[in-house]
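In this chain, residues are counted from 1 in sequence order.
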Amino acid sequence: MRACVVAILMWLVAMTGAAFATDATVLEGEAARSGLKTGSIFSSRDSIHLDEGEHLVIYLQRGEMLTLEGPHDGPLPVDGAGGGDPDEVSMVSILVGHRGTTSTVGAFEATPATGAPAEPEARPNAWAVDVAEAGTSCIDGELRLFRADATREEHVTARNPLVAPVALDWPAGAHTLAVPEGLLSAGYVNIDRGEQTLRFTVRRLPDDRDVSEPGKLLRWFAEMGCESQASVLIGRMVAE
(Lines give C-alpha, C1' and ligand atoms only; values in the text may rest on other atoms or scores of the structure.)
Protein backbone atom coordinates (compact mmCIF):
# COMPACT_ATOMS: atom_id res chain seq x y z
CA MET A 1 0.00 0.00 0.00
CA ARG A 2 2.80 2.47 0.82
CA ALA A 3 4.35 2.11 -2.66
CA CYS A 4 0.94 2.73 -4.18
CA VAL A 5 0.40 5.83 -2.00
CA VAL A 6 3.77 7.32 -2.96
CA ALA A 7 3.11 6.69 -6.67
CA ILE A 8 -0.33 8.29 -6.44
CA LEU A 9 0.99 11.33 -4.54
CA MET A 10 3.73 11.91 -7.12
CA TRP A 11 1.19 11.56 -9.92
CA LEU A 12 -1.31 13.94 -8.32
CA VAL A 13 1.28 16.64 -7.74
CA ALA A 14 2.64 16.30 -11.28
CA MET A 15 -0.84 16.67 -12.75
CA THR A 16 -1.94 19.68 -10.69
CA GLY A 17 -3.05 22.51 -12.91
CA ALA A 18 -2.59 20.62 -16.19
CA ALA A 19 -4.33 18.04 -18.33
CA PHE A 20 -2.40 14.89 -19.18
CA ALA A 21 -3.26 11.76 -21.13
CA THR A 22 -2.63 9.63 -18.05
CA ASP A 23 -5.61 10.52 -15.89
CA ALA A 24 -6.28 7.29 -13.99
CA THR A 25 -4.44 5.10 -11.50
CA VAL A 26 -5.10 1.67 -10.04
CA LEU A 27 -5.70 1.67 -6.29
CA GLU A 28 -6.29 -2.07 -6.08
CA GLY A 29 -6.60 -5.11 -8.32
CA GLU A 30 -5.00 -6.41 -11.49
CA ALA A 31 -5.73 -6.73 -15.20
CA ALA A 32 -3.00 -9.17 -16.22
CA ARG A 33 -3.47 -9.04 -20.00
CA SER A 34 -3.53 -5.23 -19.94
CA GLY A 35 -0.44 -5.04 -17.74
CA LEU A 36 -2.27 -3.12 -15.00
CA LYS A 37 -1.75 -3.65 -11.28
CA THR A 38 -1.80 -1.64 -8.06
CA GLY A 39 -0.02 1.67 -8.66
CA SER A 40 -0.30 1.56 -12.48
CA ILE A 41 -1.05 4.89 -14.17
CA PHE A 42 -2.93 4.96 -17.49
CA SER A 43 -5.41 6.89 -19.62
CA SER A 44 -9.13 6.44 -19.01
CA ARG A 45 -9.46 6.21 -22.80
CA ASP A 46 -7.21 3.15 -23.00
CA SER A 47 -8.81 -0.15 -23.93
CA ILE A 48 -8.71 -2.47 -20.89
CA HIS A 49 -9.14 -6.23 -20.85
CA LEU A 50 -10.35 -7.87 -17.65
CA ASP A 51 -10.82 -11.62 -17.43
CA GLU A 52 -13.55 -13.25 -15.38
CA GLY A 53 -12.67 -12.89 -11.69
CA GLU A 54 -10.37 -9.88 -12.18
CA HIS A 55 -11.23 -6.40 -10.94
CA LEU A 56 -9.75 -2.93 -10.74
CA VAL A 57 -10.44 -0.16 -8.23
CA ILE A 58 -9.57 2.99 -10.17
CA TYR A 59 -9.08 6.61 -9.13
CA LEU A 60 -9.68 9.27 -11.80
CA GLN A 61 -7.94 12.63 -11.82
CA ARG A 62 -11.26 14.48 -11.79
CA GLY A 63 -11.99 13.10 -8.33
CA GLU A 64 -14.08 10.03 -9.06
CA MET A 65 -13.44 6.44 -8.13
CA LEU A 66 -14.88 3.38 -9.79
CA THR A 67 -14.74 -0.39 -9.51
CA LEU A 68 -14.57 -2.36 -12.74
CA GLU A 69 -15.31 -6.10 -12.70
CA GLY A 70 -14.34 -8.64 -15.36
CA PRO A 71 -15.09 -9.73 -17.93
CA HIS A 72 -14.60 -6.38 -19.66
CA ASP A 73 -13.08 -5.23 -22.97
CA GLY A 74 -12.79 -1.57 -23.89
CA PRO A 75 -12.26 1.83 -22.27
CA LEU A 76 -13.62 2.79 -18.87
CA PRO A 77 -17.41 3.23 -18.91
CA VAL A 78 -17.39 6.84 -17.74
CA ASP A 79 -18.31 10.12 -19.43
CA GLY A 80 -15.67 11.20 -21.91
CA ALA A 81 -13.92 7.82 -21.89
CA GLY A 82 -15.88 5.97 -24.53
CA GLY A 83 -18.58 3.32 -24.30
CA GLY A 84 -19.31 0.55 -21.86
CA ASP A 85 -22.13 -0.60 -19.65
CA PRO A 86 -22.75 1.86 -16.77
CA ASP A 87 -24.00 -1.08 -14.66
CA GLU A 88 -20.40 -2.35 -14.52
CA VAL A 89 -19.34 0.67 -12.54
CA SER A 90 -19.90 1.57 -8.90
CA MET A 91 -19.21 5.28 -8.61
CA VAL A 92 -18.07 6.16 -5.10
CA SER A 93 -18.40 9.60 -3.56
CA ILE A 94 -17.29 9.42 0.06
CA LEU A 95 -16.68 12.37 2.30
CA VAL A 96 -13.85 11.93 4.78
CA GLY A 97 -15.12 10.28 7.93
CA HIS A 98 -18.00 8.57 6.08
CA ARG A 99 -18.54 4.84 6.33
CA GLY A 100 -15.80 2.37 5.45
CA THR A 101 -12.84 0.74 7.11
CA THR A 102 -9.31 2.05 6.95
CA SER A 103 -6.06 0.32 7.76
CA THR A 104 -5.36 -0.21 11.44
CA VAL A 105 -2.60 1.82 13.01
CA GLY A 106 0.01 0.62 15.45
CA ALA A 107 1.08 -2.78 16.69
CA PHE A 108 -1.18 -5.52 17.98
CA GLU A 109 -1.33 -5.82 21.75
CA ALA A 110 -2.48 -8.59 24.05
CA THR A 111 -5.68 -8.00 25.97
CA PRO A 112 -5.23 -8.33 29.76
CA ALA A 113 -8.21 -10.65 30.12
CA THR A 114 -7.44 -13.27 27.51
CA GLY A 115 -3.91 -12.63 26.27
CA ALA A 116 -5.30 -12.83 22.71
CA PRO A 117 -4.23 -10.26 20.12
CA ALA A 118 -6.47 -7.21 20.07
CA GLU A 119 -6.79 -5.09 16.97
CA PRO A 120 -5.84 -1.48 17.75
CA GLU A 121 -8.26 1.35 17.15
CA ALA A 122 -8.26 2.77 13.63
CA ARG A 123 -8.16 6.48 12.93
CA PRO A 124 -11.69 7.90 12.87
CA ASN A 125 -11.06 9.78 9.61
CA ALA A 126 -8.28 11.26 7.47
CA TRP A 127 -8.16 14.51 9.46
CA ALA A 128 -6.90 12.68 12.56
CA VAL A 129 -3.08 12.81 12.71
CA ASP A 130 -1.22 9.88 14.25
CA VAL A 131 0.85 11.25 17.12
CA ALA A 132 3.61 8.79 16.18
CA GLU A 133 3.87 10.32 12.69
CA ALA A 134 5.17 13.83 13.29
CA GLY A 135 5.74 15.93 10.20
CA THR A 136 3.43 17.78 7.83
CA SER A 137 -0.22 17.64 8.87
CA CYS A 138 -3.26 18.94 7.02
CA ILE A 139 -5.97 20.49 9.16
CA ASP A 140 -9.40 22.04 8.82
CA GLY A 141 -9.52 24.07 12.01
CA GLU A 142 -7.88 22.37 14.97
CA LEU A 143 -5.11 19.79 14.94
CA ARG A 144 -6.57 16.50 16.19
CA LEU A 145 -3.98 13.97 17.33
CA PHE A 146 -4.68 10.25 17.35
CA ARG A 147 -3.19 7.33 19.32
CA ALA A 148 -4.04 3.69 18.75
CA ASP A 149 -3.31 2.69 22.35
CA ALA A 150 -5.49 4.65 24.76
CA THR A 151 -5.12 2.41 27.81
CA ARG A 152 -3.19 4.99 29.83
CA GLU A 153 -3.65 8.61 30.77
CA GLU A 154 -0.99 10.89 29.31
CA HIS A 155 0.12 14.43 30.02
CA VAL A 156 1.58 16.27 27.04
CA THR A 157 2.76 19.83 26.51
CA ALA A 158 2.05 21.82 23.34
CA ARG A 159 4.26 24.81 22.56
CA ASN A 160 5.46 27.18 19.88
CA PRO A 161 7.62 30.32 20.15
CA LEU A 162 4.69 32.74 19.86
CA VAL A 163 2.62 31.61 22.86
CA ALA A 164 3.15 30.17 26.31
CA PRO A 165 3.30 26.35 26.55
CA VAL A 166 0.02 24.64 27.36
CA ALA A 167 -0.30 21.40 29.33
CA LEU A 168 -2.88 19.03 27.86
CA ASP A 169 -4.37 16.00 29.61
CA TRP A 170 -5.02 12.97 27.39
CA PRO A 171 -7.42 10.80 29.43
CA ALA A 172 -7.33 7.02 29.41
CA GLY A 173 -9.82 5.69 26.88
CA ALA A 174 -9.56 8.74 24.62
CA HIS A 175 -7.99 8.02 21.25
CA THR A 176 -7.98 11.63 20.03
CA LEU A 177 -6.76 14.90 21.50
CA ALA A 178 -7.52 18.35 20.11
CA VAL A 179 -4.69 20.89 20.06
CA PRO A 180 -6.19 24.41 20.39
CA GLU A 181 -5.94 26.56 17.25
CA GLY A 182 -4.12 29.30 19.17
CA LEU A 183 -1.11 27.00 19.54
CA LEU A 184 -0.81 26.69 15.76
CA SER A 185 -0.17 30.39 15.13
CA ALA A 186 3.48 29.83 14.20
CA GLY A 187 2.55 27.34 11.49
CA TYR A 188 3.79 24.46 13.58
CA VAL A 189 3.52 23.09 17.11
CA ASN A 190 5.91 21.02 19.22
CA ILE A 191 4.35 18.29 21.34
CA ASP A 192 6.35 17.09 24.34
CA ARG A 193 5.25 13.51 24.99
CA GLY A 194 7.29 11.77 27.63
CA GLU A 195 10.92 12.05 26.57
CA GLN A 196 9.96 12.77 22.96
CA THR A 197 9.44 16.13 21.30
CA LEU A 198 7.31 15.81 18.17
CA ARG A 199 7.04 18.65 15.65
CA PHE A 200 3.88 19.01 13.56
CA THR A 201 3.98 21.47 10.67
CA VAL A 202 0.39 22.38 9.86
CA ARG A 203 -1.18 23.10 6.50
CA ARG A 204 -4.56 24.74 6.95
CA LEU A 205 -7.37 24.15 4.45
CA PRO A 206 -8.20 27.47 2.70
CA ASP A 207 -11.79 28.64 3.06
CA ASP A 208 -12.25 28.70 -0.71
CA ARG A 209 -10.78 25.25 -1.39
CA ASP A 210 -13.39 22.70 -2.53
CA VAL A 211 -12.78 19.29 -0.93
CA SER A 212 -16.39 18.13 -1.12
CA GLU A 213 -15.35 14.93 -2.93
CA PRO A 214 -12.69 12.45 -1.78
CA GLY A 215 -10.63 12.90 -4.94
CA LYS A 216 -10.44 16.65 -4.42
CA LEU A 217 -9.36 16.16 -0.82
CA LEU A 218 -6.78 13.58 -1.90
CA ARG A 219 -5.33 16.08 -4.39
CA TRP A 220 -5.01 18.74 -1.66
CA PHE A 221 -3.34 16.29 0.73
CA ALA A 222 -0.88 15.46 -2.05
CA GLU A 223 -0.13 19.11 -2.81
CA MET A 224 0.55 19.79 0.88
CA GLY A 225 2.69 16.68 1.42
CA CYS A 226 0.32 15.11 3.97
CA GLU A 227 1.25 11.57 2.92
CA SER A 228 0.01 9.72 5.99
CA GLN A 229 -3.43 11.32 5.79
CA ALA A 230 -3.58 10.60 2.06
CA SER A 231 -2.80 6.97 2.85
CA VAL A 232 -5.74 6.80 5.28
CA LEU A 233 -8.05 8.38 2.72
CA ILE A 234 -6.95 5.96 -0.01
CA GLY A 235 -7.51 3.06 2.39
CA ARG A 236 -11.07 4.20 2.99
CA MET A 237 -11.74 4.69 -0.71
CA VAL A 238 -10.46 1.20 -1.53
CA ALA A 239 -12.38 -0.36 1.36
CA GLU A 240 -15.62 1.02 0.00
Side-chain angles (χ1 to χ4, degrees), residues 1-2 4-6 9 94-160 163-205 211 214 217-218 220-222 224-240:
M1 171 62 80
R2 179 174 176 81
C4 174
V5 170
V6 172
L9 294 181
I94 315 163
L95 293 175
V96 176
H98 193 46
R99 58 196 174 84
T101 305
T102 186
S103 303
T104 56
V105 181
F108 280 71
E109 298 180 2
T111 57
T114 64
E119 186 174 343
E121 185 77 7
R123 282 193 242 191
N125 55 53
W127 292 109
V129 177
D130 195 323
V131 70
E133 298 176 358
T136 302
S137 305
C138 290
I139 63 171
D140 182 16
E142 64 190 9
L143 171 65
R144 185 164 292 275
L145 301 177
F146 168 83
R147 59 178 179 174
D149 182 2
T151 56
R152 296 183 298 276
E153 180 181 20
E154 290 190 64
H155 304 283
V156 302
T157 300
R159 53 187 176 82
N160 76 43
V163 297
V166 175
L168 301 173
D169 294 329
W170 204 338
H175 289 277
T176 60
L177 175 69
V179 178
E181 289 190 56
L183 289 166
L184 309 178
S185 54
Y188 71 91
V189 62
N190 289 325
I191 302 293
D192 296 329
R193 187 188 187 204
E195 298 181 354
Q196 289 184 310
T197 295
L198 308 165
R199 180 172 175 139
F200 296 86
T201 300
V202 294
R203 299 286 184 259
R204 192 182 301 274
L205 179 68
V211 293
L217 180 59
L218 182 59
W220 184 67
F221 281 165
M224 296 296 104
C226 300
E227 181 179 321
S228 175
Q229 289 166 279
S231 177
V232 171
L233 181 55
I234 290 171
R236 284 179 174 270
M237 292 167 71
V238 170
E240 281 292 318

K.L.:
Begin with the C-alpha distance, continue with both residues' side-chain angles, and end with the deciding distance and a verdict on side chain to side chain contact (heavy atoms under 4.5 Å, CB included) for L205 and I139.
P.N.:
CA-CA 6 Å; L205 179 68; I139 63 171; over 6 Å; no
K.L.:
If we ignore hydrogens and angles and just use 3.5 Å, is the side chain of D169 paired with the main-chain N or O of P171 as donor and acceptor?
P.N.:
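No.
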K.L.:
A side-chain contact here means heavy atoms from C-beta on lying under 4.5 Å apart; do D192 and R159 qualify?
P.N.:
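Heavy-atom side-chain distance check passes, below 4.5 Å.
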K.L.:
Which is it for I191 and F200 under the side chain to side chain contact (heavy atoms under 4.5 Å, CB included) test, yes or no, and what are the steps along the way?
P.N.:
CA-CA 8 Å; I191 302 293; F200 296 86; 3.8 Å; yes
K.L.:
Give me the atom names and distance for the closest heavy-atom approach of G141 to L184.
P.N.:
O-CD1, 4.1 Å
K.L.:
For the residue pair L168 and A158, what are the closest heavy atoms and their distance?
P.N.:
CD1-CB, 4.1 Å
K.L.:
Check the side chains of R123 and S228 for a donor-acceptor pair under 3.5 angstrom, ignoring hydrogens and angles.
P.N.:
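Note: S228 and R123 side chains meet the donor-acceptor criterion.
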K.L.:
Does H175 use its side chain to pair, donor to acceptor, with the backbone of R147 at less than 3.5 Å?
P.N.:
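Checking the backbone N and O of R147 against the side chain of H175, a donor-acceptor pair under 3.5 Å is found.
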K.L.:
How far does CG of N125 sit from CZ of F146, to the nearest 0.5 angstrom?
P.N.:
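Interatomic distance, N125 CG to F146 CZ, rounded to 0.5 Å: 10.5 Å.
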K.L.:
Do L198 and N190 touch side chain to side chain, with heavy atoms closer than 4.5 Å?
P.N.:
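Not touching, per the 4.5 Å side-chain cut-off.
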K.L.:
Please test S185 against N160 for side chain to side chain contact (heavy atoms under 4.5 Å, CB included), starting from the C-alpha separation and ending with a verdict.
P.N.:
CA-CA 8 Å; S185 54; N160 76 43; 3.7 Å; yes
K.L.:
Checking side chain to side chain contact (heavy atoms under 4.5 Å, CB included) between V156 and each of V179, L145, L177, which is the one that passes?
P.N.:
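When V179, L145, L177 are each tested with V156, the side chain to side chain contact (heavy atoms under 4.5 Å, CB included) holds only for L177.
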K.L.:
Could you check whether E154 pairs with R152 (Lys NZ or Arg NE/NH1/NH2 to Asp/Glu carboxylate O, under 4.0 Å)?
P.N.:
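No, E154 and R152 are not salt-bridged.
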K.L.:
Are F221 and W127, when compared by the centres of their aromatic rings, separated by less than 6.0 Å?
P.N.:
yes
K.L.:
To the nearest 0.5 Å, what is the distance between SG on C138 and CG on L233?
P.N.:
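C138 SG to L233 CG: 11.0 Å, rounded to 0.5 Å.
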K.L.:
Looking at S137 and V129, what are the two nearest heavy atoms and their distance?
P.N.:
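Looking at all heavy atoms of both residues, the shortest contact is OG-CG1, 3.4 Å.
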K.L.:
Answer yes when E142 and R204 have at least one side-chain N-carboxylate O distance shorter than 4.0 Å, and no when they do not.
P.N.:
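Salt bridge absent between E142 and R204.
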K.L.:
Can you tell me if W220 uses its side chain to pair, donor with acceptor, with the backbone of M224 under 3.5 Å?
P.N.:
no
K.L.:
Answer yes or no: are there more than 12 heavy-atom neighbours, outside Q196 itself, under 6.0 Å from its atom CD?
P.N.:
no
K.L.:
List the steps, then state whether side chain to side chain contact (heavy atoms under 4.5 Å, CB included) holds for L183 with V166.
P.N.:
CA-CA 8 Å; L183 289 166; V166 175; 3.8 Å; yes
K.L.:
Looking only at heavy atoms, what is the nearest atom pair of T136 and Q229, with distance?
P.N.:
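Nearest pair, atom of T136 first, then Q229: O-OE1, 4.3 Å.
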